[in-house]
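To start, the structure under review is shown below, and the notes come after it.
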Amino acid sequence: MPDSAEELEQQIETLRAAVRQAMSAGDRPRARALRAELRTLEDAWDEAVESLAPEPEAVPTQRDGASILPLREQVHSALTLLSVPAAPKLIAQVYNACFGGDINSAKLTSLRRDEERSFRSAPFARPYYLCAALTADRLAPVRGLLAISTWPLDRRIIGPLSPRVDFLTAAVSIAEHIDRLPGIDHNAARLLWLFAENIPGAADGIGSAKPDTVIRAARAELLAHQPVDRSHREAAAARARTQLNDTDRLFGSHLRSVRTGTDS
């Protein structure tokens, strides 16, 4: 194994690209094996640079108000917490409430197009891309929803029941996150209520919601919808793997007009 940080970084980037390609191809056993090798290299890289790192200075945290992360990383953080495709407005609400940021959802409107252009110019050059959710029937991009390219393909498929399943899944993720916080501030409480008010049995009264109650109510409803939704998503994902190229698997298949013999 190479022992310099530079050599390790080169191998890490190569392995990350291999992991992304294996996941895009649906080869999960190979992806798991590559991830194990990747973790070993990353541990070695940590050791290689440890002696070079200066003493850390005080830096602002994400809850200090002004984020130090680029916009796409802020979106990535919010989507990772939600764990499902989401609209820009919800992404902004989640990041602002849970990470102390100040995202304006209007800034996210062109982000997916920028990511697609980047991928087309240099495929798999980045560790992840902010990509599209795909319709289960046509495998076309779902308007207004952002997802993460490293998610399993079936998680990015949107079938008839998926909007409700994703809402309930996100509710559980947000409630679990808020339950781990040392205290619930106004923004976090408001975000929790946005989910609770649309889930039967998730709150005792207007404006009152507790994380454990939201989790129980959301999981109870998920039991009714999740199995059917999963079967739709997995079937569509299987079609996408065979019918779409790498770009279309991330950003959707765009319908093209076909000229027929009757056209003048």
Side-chain angles (χ1 to χ4, degrees), residues 59-123 125-136 138-151 155-158 162-175 177-178 181 184-199 207 209 214 247-255:
V59 296
T61 66
Q62 290 302 292
R63 298 193 63 84
D64 286 339
S67 175
I68 61 174
L69 294 175
L71 179 62
R72 70 186 301 270
E73 293 187 31
Q74 295 176 37
V75 174
H76 182 269
S77 297
L79 284 172
T80 298
L81 177 54
L82 285 163
S83 77
V84 295
K89 182 178 180 180
L90 178 58
I91 291 170
Q93 289 172 325
V94 167
Y95 191 83
N96 296 344
C98 297
F99 298 95
D102 189 22
I103 295 180
N104 183 338
S105 60
K107 296 180 180 179
L108 309 186
T109 54
S110 63
L111 194 55
R112 194 199 62 77
R113 292 193 298 272
D114 295 340
E115 294 286 290
E116 182 173 356
R117 282 194 291 268
S118 174
F119 182 85
R120 289 182 181 277
S121 64
R126 293 176 170 180
Y128 67 86
Y129 291 84
L130 302 174
C131 60
L134 308 182
T135 60
R138 297 184 178 182
L139 303 177
V142 178
R143 183 179 178 85
L145 289 185
L146 288 171
I148 302 175
S149 63
T150 53
W151 287 349
R155 197 192 301 182
R156 295 193 290 108
I157 297 291
I158 303 297
S162 301
R164 185 59 182 173
V165 167
D166 283 355
F167 178 84
L168 295 168
T169 301
V172 172
S173 297
I174 293 300
H177 174 81
I178 291 175
L181 296 176
I184 302 180
D185 61 18
H186 171 74
N187 289 332
R190 185 169 179 271
L191 177 64
L192 187 64
W193 172 248
L194 289 176
F195 285 97
E197 67 176 338
N198 290 292
I199 304 173
V214 173
T247 303
D248 287 347
R249 277 197 290 268
L250 292 184
F251 299 99
S253 175
H254 297 275
L255 298 178

**Message:** Going by the rule salt bridge (Lys or Arg N to Asp or Glu O under 4.0 Å), which residues pair with R156 if we only count those two or more places apart in sequence or in a different chain?
**Reply:** none

**Request:** Could you go through the side chain to side chain contact (heavy atoms under 4.5 Å, CB included) check for S173 and L82 one step at a time?
**Result:** CA-CA 6 Å; S173 297; L82 285 163; 5.8 Å; no

**Request:** Would you list the pairs meeting salt bridge (charged side-chain N to carboxylate O under 4.0 Å, His left out) in which at least one residue belongs to residues 74-99, sequence neighbours left out?
**Result:** none

**Item:** Main-chain N/O of L79 paired with S83 side-chain donor or acceptor, under 3.5 Å
**Value:** no

**Fill in**
Sorted by chain and residue number, the salt bridge (Lys or Arg N to Asp or Glu O under 4.0 Å) partners of R117 (sequence neighbours excluded) come out as D114

**Asked** Atom OG1 of T150 and atom CZ of R126: how far apart are they, to the nearest 0.5 Å?
**Response** 14.0 Å

**Request:** Look up atom CZ in F119 and atom SG in C131, then write down how far apart they are to the nearest 0.5 Å.
**Result:** 9.5 Å

**Message:** Side chains of W151 and P85, heavy atoms from C-beta outward: is any pair under 4.5 Å?
**Reply:** yes

**Prompt:** In this structure, which one of I199, V84, L90 forms a side-chain contact (heavy atoms from CB on, under 4.5 Å) with F167?
**Reply:** I199

**Prompt:** Of the non-hydrogen atoms in A189 and I184, which two are nearest, and what is the gap between them?
**Reply:** N-CG2, 3.6 Å

**Message:** Quick one, N96 and N187 - any side-chain contact, counting heavy atoms below 4.5 Å?
**Reply:** no

**Prompt:** What closest approach, in Å, do I91 and A86 show between heavy atoms, and which atom pair accounts for it?
**Reply:** CD1-O, 3.7 Å

**Heavy-atom pair with the smallest gap, counting every atom of S121 and S118** = OG-O, 2.8 Å

**Message:** Once rounded to the nearest 0.5 Å, what's the spacing between atom CG of L146 and atom CG of L130?
**Reply:** 6.5 Å

**Prompt:** Do you know the tightest heavy-atom contact between A209 and L192?
**Reply:** O-CD2, 3.5 Å

Could you tabulate the donor-acceptor pairs under 3.5 Å formed by side-chain atoms of residues 105-112, not counting sequence neighbours?
unit_1: T109; atom_1: OG1; unit_2: A106; atom_2: O; d: 3.1
unit_1: R112; atom_1: NH1; unit_2: E116; atom_2: OE1; d: 3.1

**Request:** Could you walk me through whether C98 and L191 pass side chain to side chain contact (heavy atoms under 4.5 Å, CB included), step by step?
**Result:** CA-CA 9 Å; C98 297; L191 177 64; 3.8 Å; yes

**Request:** Return the set of residues passing side chain to side chain donor-acceptor pair (under 3.5 Å) with T135 (not counting sequence neighbours), or none when no residue passes.
**Result:** D137

**Asked** Where do G144 and P88 come nearest, in terms of heavy atoms and distance?
**Response** O-CD, 3.3 Å

**Fill in**
salt bridge (charged side-chain N to carboxylate O under 4.0 Å, His left out) pairs touching residues 70-80, sequence neighbours excluded, are R72-E115

**Prompt:** Roughly how far, to the nearest 0.5 Å, is the NE2 atom of H76 from the CG atom of L69?
**Reply:** 11.0 Å

**Request:** Find the distance between CH2 (W193) and CG (N198) and round it off to the nearest 0.5 Å.
**Result:** 9.0 Å

**side chain to side chain contact (heavy atoms under 4.5 Å, CB included) assessment of L71 paired with I103** = CA-CA 8 Å; L71 179 62; I103 295 180; 4.3 Å; yes

**Request:** Using a 4.5 Å cut-off on heavy atoms from C-beta on, say whether the side chain of F251 contacts that of P141.
**Result:** no

**Request:** Supply the atom-to-atom distance L145 CG to I158 CD1, rounded to the nearest 0.5 angstrom.
**Result:** 6.0 Å

**Request:** Give the C-alpha distance, both sets of side-chain angles, the deciding distance and a yes or no for side chain to side chain contact (heavy atoms under 4.5 Å, CB included) between I174 and F195.
**Result:** CA-CA 9 Å; I174 293 300; F195 285 97; 3.9 Å; yes

